[in-house]
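Below: one structure, written as structure tokens.
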Number of protein chains: 2
Amino acid sequence: MKKSAQATINDVARLAGVSKKTVSRVINRSPLLNEETRERVEKVIAEIGYVPNPQARALALRRNFLIGLIHDNPNPHMVLNVQHGLLEVLRDTEFELIVHPVDRGSPTMLDDIRRFLERQRPYGVMLLPPISENDSLADLCSEIGTRYVRMGSAPFDEAGHMVASNDREAVRGAVGHLVEMGHRRIGLVLGPHGFRSAFERSQGYEAAMEDADIPLQRTLIAQGDYTFESGMRAAERLLDLSPRPTAVFCSNDAMAAGVLHTARQRGLDVPRDLSIVGFDDTTIASYLWPPLTTVRWPIATMARAAALKLIGDGEDEESAESLFVSTLIRRASVAQATD
Amino acid sequence: MKKSAQATINDVARLAGVSKKTVSRVINRSPLLNEETRERVEKVIAEIGYVPNPQARALALRRNFLIGLIHDNPNPHMVLNVQHGLLEVLRDTEFELIVHPVDRGSPTMLDDIRRFLERQRPYGVMLLPPISENDSLADLCSEIGTRYVRMGSAPFDEAGHMVASNDREAVRGAVGHLVEMGHRRIGLVLGPHGFRSAFERSQGYEAAMEDADIPLQRTLIAQGDYTFESGMRAAERLLDLSPRPTAVFCSNDAMAAGVLHTARQRGLDVPRDLSIVGFDDTTIASYLWPPLTTVRWPIATMARAAALKLIGDGEDEESAESLFVSTLIRRASVAQATD
DNA sequence: TTGTACGCGTTATCAA
DNA sequence: TTGATAACGCGTACAA
């Protein structure tokens with residue numbers, strides 16, 4: 001009777017002259033339904049603008065219509081792109097996105113996530129690297145019965161649970177490009193220990209060097225941790241070498257920016273004296289001077305695919321694309337080797 | 001009886017030998033409760049690790065324990081900082097963050113948001129600029145009864161509903177710094193029409209020029225839209241001027257990066273030939289060469305304050321800080337004027 | 001093909 | 001200060 005309140009399933013049932021259950025069947029597209037009654041009910045639904053109450057549904061179904069994004073502080077560019085991709089799919093559905101960052105390193109992380117899953121009962125969750133690489137986390141989701149999709153730099157779960165890039169091949173191609181440009185003393189700035197992406201990218205570097213029959217030199221490999229500052233430090237070590245490397249592959253753009261920064265501080269001209277390649281194609285890559293040659297991976301596309309796997313009915317989504325290709329974006333930070 | 005299932009309020013009631021309602025009172029810290037019973041109930045709760053089911057609570061209370069972040073595509077740096085700030089406060093509470101981007105420009109935006117609020121019934125929402133400047137949106141929240149806090153570049157709502165920076169004063173100081181360094185032909189790259197922040201920042205520029213008794217020249221003011229590309233275009237116009245401006249204030253960092261880019265393409269040395277000041281202090285500001293002098297505003301701090309206003313019981317939170325100060329970060333993109 | 005009766009886990013009403 | 005009972009709005013056995 002209250003005009004202000006939302007219409008409920010009871011209102012629909014009363015107005016359509018059927019039972020709640022029948023309305024419920026219409027909403028949930030039950031196959032056994034008289035076409036005539038269905039139309040009548042749908043007409044009423046449209047007329048009074050009825051929408052099912054998510055809270056009540058969640059209570060009855062023991063499952064919320066929320067998609068969780070569980071991550072641990074990777075780079076902002078990546079997190080936001082994932083959110084965009086996810087939301088693009090979710091926009092026209094009844095699902096909403098709930099963001100739940102966690103603290104890798106905290107010994108209670110798994111317990112925290114368990115509590116989150118058991119309390120909120122999200123319909124599904126997307127796991128971002130690096131914690132997506134944690135198998136116990138995936139097991140936890142299975143145990144609780146929450147759908148999940150892991151994002152990673154290589155496939156490490158079934159297609160239905162995975163959206164992966166192929167970082168190894170991507171880097172192999174990127175470093176191969178450096179070789180084609182005549183470089184042979186090519187430095188590598190590693191990502192942090194324990195990150196699968198860092199490992200895959202270093203393997204790509206090694207593969208490219210082997211392709212070109214260039215023996216690996218440990219001195220040309222510098223440790224980094226994906227931060228700008230670590231890129232600067234790595235560059236300081238690398239640029240002290242004699243002979244200097246003529247090119248450097250950096251495992252992400254932030255470190256590449258750091259290397260560029262240090263090179264410039266030392267009065268080196270990029271790319272004439274030093275070619276630089278990054279990874280991620282964040283916005284800074286094109287803002288820098290010179291614009292950075294880098295590897296672009298389709299984050300938003302992968303997130304969209306993940307969302308489809310998460311909310312899909314498990315038919316063709318399971319078999320849908322789960323490995324995505326990256327592309328080398330050639331800009332101005334790479335030049336022909338001169339010596 | 002099922003060991004696997006979550007304990008419910010009934011289990012607690014049975015074990016403690018009280019009624020459901022009493023347990024409910026304990027949970028909700030009702031004041032009229034025998035201290036003895038309270039302790040007994042709390043003991044049971046701790047023993048069996050009971051946690052209230054959010055879905056059931058939401059249904060009964062007609063209100064979810066979710067904080068919504070409603071925004072329209074401002075820059076990633078800002079969105080993520082807001083999320084961080086919000087989540088920092090929410091982390092130790094029962095609240096979760098639900099992210100809901102909308103499409104400013106879409107004629108159905110208000111209806112979309114209304115549906116979101118009526119369906120999800122978030123406990124409160126945070127509104128980010130530029131849509132936070134939309135008064136009908138705030139009215140909508142009031143009408144529906146959803147708590148809200150608006151973020152903005154100047155206060156335009158009551159303290160309880162507002163976290164604001166003071167962009168005008170911040171820019172006045174930044175441009176004042178340029179004047180102190182001897183600049184008088186100072187260009188301005190505007191933000192997009194209709195953005196309060198763009199307006200406030202331009203007002204700050206004008207105030208600083210007036211402070212220095214420098215007459216405003218329209219040719220020194222170029223339109224931009226907060227993108228890198230618009231910064232490049234603005235710079236092309238500004239650098240064609242004769243005499244050239246010796247400094248430029250850009251209404252955000254992305255445009256400052258664009259100006260820097262164009263200056264470099266023309267062989268100008270920054271800061272020797274041109275000083276540049278940005279706004280936001282995004283990460284790119286420090287990655288650029290030269291590192292960018294820019295205005296930093298405390299986004300995460302403001303988001304934390306907003307979260308407290310949102311979930312607080314309306315006591316001192318209302319009166320808590322709602323205006324935040326920005327600071328000029330001096331880096332290397334500004335030099336003494338030479339002519 | 002449709003309806004009845006009840007459960008989901010919590011809070012609110014109102015009497016005790 | 002406490003408790004029985006009824007919402008909250010939807011889904012599901014099971015019967016019709």
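The chains referred to below are lettered A, B, ... by the order of the sequence lines, with proteins before strands, and numbering in each begins at 1.
Using a 4.0 Å cut-off between charged side-chain N and carboxylate O, A:R114 and A:E143 make a salt bridge. Between A:D112 and B:R91 there is no salt bridge, since no side-chain N of the basic residue sits under 4.0 Å from a carboxylate O of the acidic one. With respect to the salt-bridge test (charged N to carboxylate O, under 4.0 angstrom), the residues B:K43 and B:E47 qualify.
Following rounding to the nearest Å, B:N64 (CG) and D:dG9 (C1') show an atom-to-atom distance of 14 Å. A straight line from CD of A:E94 to P of D:dC10 spans 13 Å, rounded to a whole angstrom. Atom CD1 in A:I45 sits about 13 Å away from atom C1' in D:dC10, given to the nearest Å. Whole-Å rounding puts the A:D11 CG to D:dC8 C1' distance at 13 Å.
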>> Output one letter per nucleotide in nucleotides 9-16 of chain C: B when a protein non-hydrogen atom lies under 4.0 Å from the base, S when only the sugar-phosphate is that close, - when neither is.
In response: BBBB----

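Applying the 4.0 Å criterion to OP1 and OP2 of D:dT2, one finds that B:S19 has every side-chain N and O outside that range.
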>> Walk me through whether A:Y148 and A:I70 qualify under side-chain contact (heavy atoms from CB on, under 4.5 Å).
In response: CA-CA 10 Å; A:Y148 70 89; A:I70 300 184; over 6 Å; no

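Between A:F95 and A:Y123, the ring planes lie perpendicular to each other; the angle is over 60°, past the 30° to 60° tilted range.
A donor-acceptor contact shorter than 3.5 Å links the side chain of A:D72 to the backbone of A:R104.
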